[in-house]
Amino acid sequence: MVTSSYQSSPQLPMHPQRQRLSLRPSSQRASSAISSPHPEDNHGEADELLSQEDADALNEIIMAIDMKENGARGCTLGCAYYIALDEALYLLEDVAMAGVDLVETLLLYAKPTTVLISSRASESLADCLARAAQGIDGNRGDLPGAYILRNLNSADFRYDTGKDKLLGLDLEMAGRQSMLYTTVVDEGIVEDDHGGQEGSRQGRLMRLGTSVNLDSQLTVGCAGAVLNDLHRRKTAQYLPNDPDALVAYKIRSVEMFSLFDFMFVNADTFASLQILQSEHHPNSHQQGGAKENLSVYGLFHHLASTPQGKLKLRQIFLRPSMDIDLINERQQTFSFFLRPGNAESLMNLGKYLRKVKNMKPVMALLRKGVDSPGRKISVNNHAWATLQRFAAYSLQLREMLRELQGAEKIVIIRKVCEIIDPFPIGQVGELITQTVDFEQSIERARTAVKYGVDAELDGLKQSYDGMEDFLTRVVTRLRDEVPEWARKYVKNCIFLPQLGFLTVVSLNTETGKGNYDGEGLNDVWERMFAAEGCVYYKNGKMKDMDAEFGDAYCMIIDREVEMIHGLTVRILEQEDAIIAASEVLGELDSFVAISIGCGQYKWTAPKMTHENVIHIEGGRHPLQELVVPSFIANDCAMAGGLGDYDRETPGVSSSAASDGLHDSVDCPSTLLLTGPNHSGKSVYLKHVAIIVYLAHIGCFVPAERARIGITDRILTRIATRESVSRNESAFAIDLRQVAFAMNFATCRSLVLIDEFGKGTNSQDGAGLLTATLHHFASLGSERPKVLAATHFHEIFEGQFVEESAELAFAHMDIRLDYDAGTPEDQVIYLFQLVPGRSISSFGSRCAAMNGIDQAVVDRAETIMLHMVRNEDLEVVCSQLSEAESQKLAAAEAVARAFLEEDFGPPPGITGKKATDEWYQTKLQAVLSAGDRMPDATSSTT
Ligand SMILES: Nc1ncnc2c1ncn2[C@@H]1O[C@H](COP(=O)(O)OP(=O)(O)OP(=O)(O)O)[C@@H](O)[C@H]1O
């Protein structure tokens, strides 16, 4: 019997060509300037196909941050980060007047796995990064915890070094006609195609300058730190001549981005509006990241099916656009999918998309070699099968989309149909189907080639397949040749990879030798090894057979490796097409998810306008409405200043509203809200901001109707947590948030200020709030839209703020019923915004409703009354009631009697008993002085 098989031949040398696969140049890929992939979104397929080590390397996001104090002008912030999966380096335009708020925003966008800072970094930066690295700020929302924080020598962040390192990159610059093929020779010393060195430096510098703003000095320094780290990783992880090192941590593109390219929403705002919030798994990097908590993004996150779709969705949420055409295009897409006639197709699209995998890790695997030793293969996680299914499902999805009526008008559908070209994508599937024998591949734990693909391979396999019969015949002949007594010991002949043909003889357990080892023959039987009751010999006959047939097996493997290599090369030629298809399906997936969500939550399309207005009718808070039995919808009408641009752009300043919503002429830019505790002020503020935000991602909004002007920033001062990833007091954070809003708000911004100033004494707080509102109102045509809520009623009493065309008062309505028996029934919250201000916050009623003792509430109300009457609280509090005065007088009488007494027992009173009795009598006499005062019993005792 032949016991050998194709199984396991780990020692076989790797096909030499296979190691060179990834060196082909590639054209530019769709990549994301901000919002990186995250383990959460990349894992899954990557986990199944790649080893843990490879998957981890692929998910690496290495970020360097630097911040420089500029005295009174605040700090400048620079940042660069590398996304391994995209093979891309992203550079931030240096940001002036920055604070740790922006650091948090960058962490949120990039979700780094490693953060590098200079050992000379400011204390606040180091502290913020150290806390966030440990995930200390658990309730902070989407702040990514648990990255590795590394302190580097400040020299690593030097501008000149960074510039040299950028120059030394083998880059394919975005949008460049002619690609720059250079070889990085160690650190920044570069040879160009013609072998020149410094001569071309100026030219390279100019070319670099077209893609990178070299004035962003801190960022260029950070880029140097990241590139140095990549180099360090390479040298630590790979041997000097390892060809894999050439493709590890490769950089294909460098992109510059600005935090203000999109509508700016910082980390604080994301958290306070609950747009992105996630609970971090304690072991997030190992387990695949964070779980989305209750958040606006969370309403859609679970509706996306593919990892690349979830990633795209996150990008959409992190990058609300200011491009009205793009927003309208997205709205048109969602409206199309939500047409009643398309409901079933939408569901089917979702179903099919669930079967589509992310091709980026698959391509990375292909570049490394699908059949690396030790990789587990099953029917589902075989890279070839994944690719084959991808090709089939993407073509199927393309057909489904094409069948939808009116599909040609929808940009994403046109894009899918264009990118998923049956030629390369279908051809990829076809090639795999024709070449790979899946059953055999799984059996052999490496890719096997089908019969009929290659005549030479088929011939080799046939000879191998006929080997079993052939060996049976050999054994019979061998038995005839050995002495008769030995025949029964010669069991069979086998072929083992690496060892070739062997004769198998039964083992003599007593001697430990074979029962026969060639006696009587003119031949040497060389013992190779013994196992499982048999001894294996190489003899002359076996050597002859090795010479004649032994290479067949190795040849089969070599031929197969060669063919699979050929297949890999052909498929990698289509890598860009495959990745583009995978990405566009991710985009489609994210749009399908948003459409399904908008349909489920019954949201409507807002009308986007260049007018600087916010007009909402019947607006709801998308999260609150899910948790209260009946949500009360509200309206909002605001208009910001006209700004220079708006005044000069025809049509923008027009106040005529054709859709029946408010005209902008009579709208204030600031709306100051009051109302009792718990009356819905914060929810109102947030719902307006969330609607504005959602409108800018192109999404529908929770409102009956809305007209939303293009807004450049949403800046908030809303308390969400006591201590964040900064070592500051809550009040300091409040101040920083307001300062940030003052520095960055433009007439196109929306600013939310909720209870600013409550962290200090009420006079200071009220003063600060008033001054802040004045500041914004005084900006004239540059005034932003400001929504504020406060409990400082004194600012109205003192007429520190007054209603005007720009500033309107409004409050959340309530109904009061003092006759109601229980505190809960005394204040009825209507959650309706009405004009004018409320007279009280009814804090004491709210306290009673929340279980504070009635006596404490009564006392609070008495003091409040005195305060409202503007009475001197010191005098008021020193005025005692009659009963209290009597008690005090009784206590005084006792004290005086006590002082007048002589407490020494007179001579003649001796002995313990007599002395005790004497003292008792005395005490009674003293206490009776108090008793003589009316109602004094309790105080004297
Ligand atoms: N429009 C609404 N419809 C129904 N319920 C609402 C509405 N607005 C708010 N609520 C409910 O009232 C609660 C309190 O709302 P919110 O926190 O906005 O009050 P607030 O006036 O800001 O209170 P405080 O001044 O104490 O901060 C919410 O948690 C929600 O349950």
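Every number for a ligand or one of its atoms is a count from 1 in the order of the listing. No experiment lies behind these values; they were computed from the predicted model shown.
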- Item | Cation-pi geometry met for Arg713 and Phe260 (6.0 Å, 45°) | yes

- With side chains defined as the heavy atoms from C-beta onward, is the minimum distance between Pro784 and Leu779 less than 4.5 Å? yes

- Would you please indicate yes or no on a ring centroid separation below 6.0 angstrom for Phe631 and Phe831? no

- Item | Side-chain donor/acceptor of Lys310 to backbone N/O of His301, under 3.5 Å | yes

- Message: So, applying side chain to side chain contact (heavy atoms under 4.5 Å, CB included) with Ser272, which one of Asp754, Asn266, Ile718, Leu752 is it?
- Response: Ile718

- Message: Ile697 and side chain to side chain contact (heavy atoms under 4.5 Å, CB included): which single residue from Ile275, Val296, Ile316 fits?
- Response: Ile316

- Message: If the criterion is any heavy atom closer than 4.0 Å to an atom of ligand 1, which residues make the list?
- Response: Gln624, Val628, Ser630, Phe631, Ile632, Pro676, Asn677, His678, Ser679, Gly680, Lys681, Ser682, Val683, Glu755, His791, Phe831

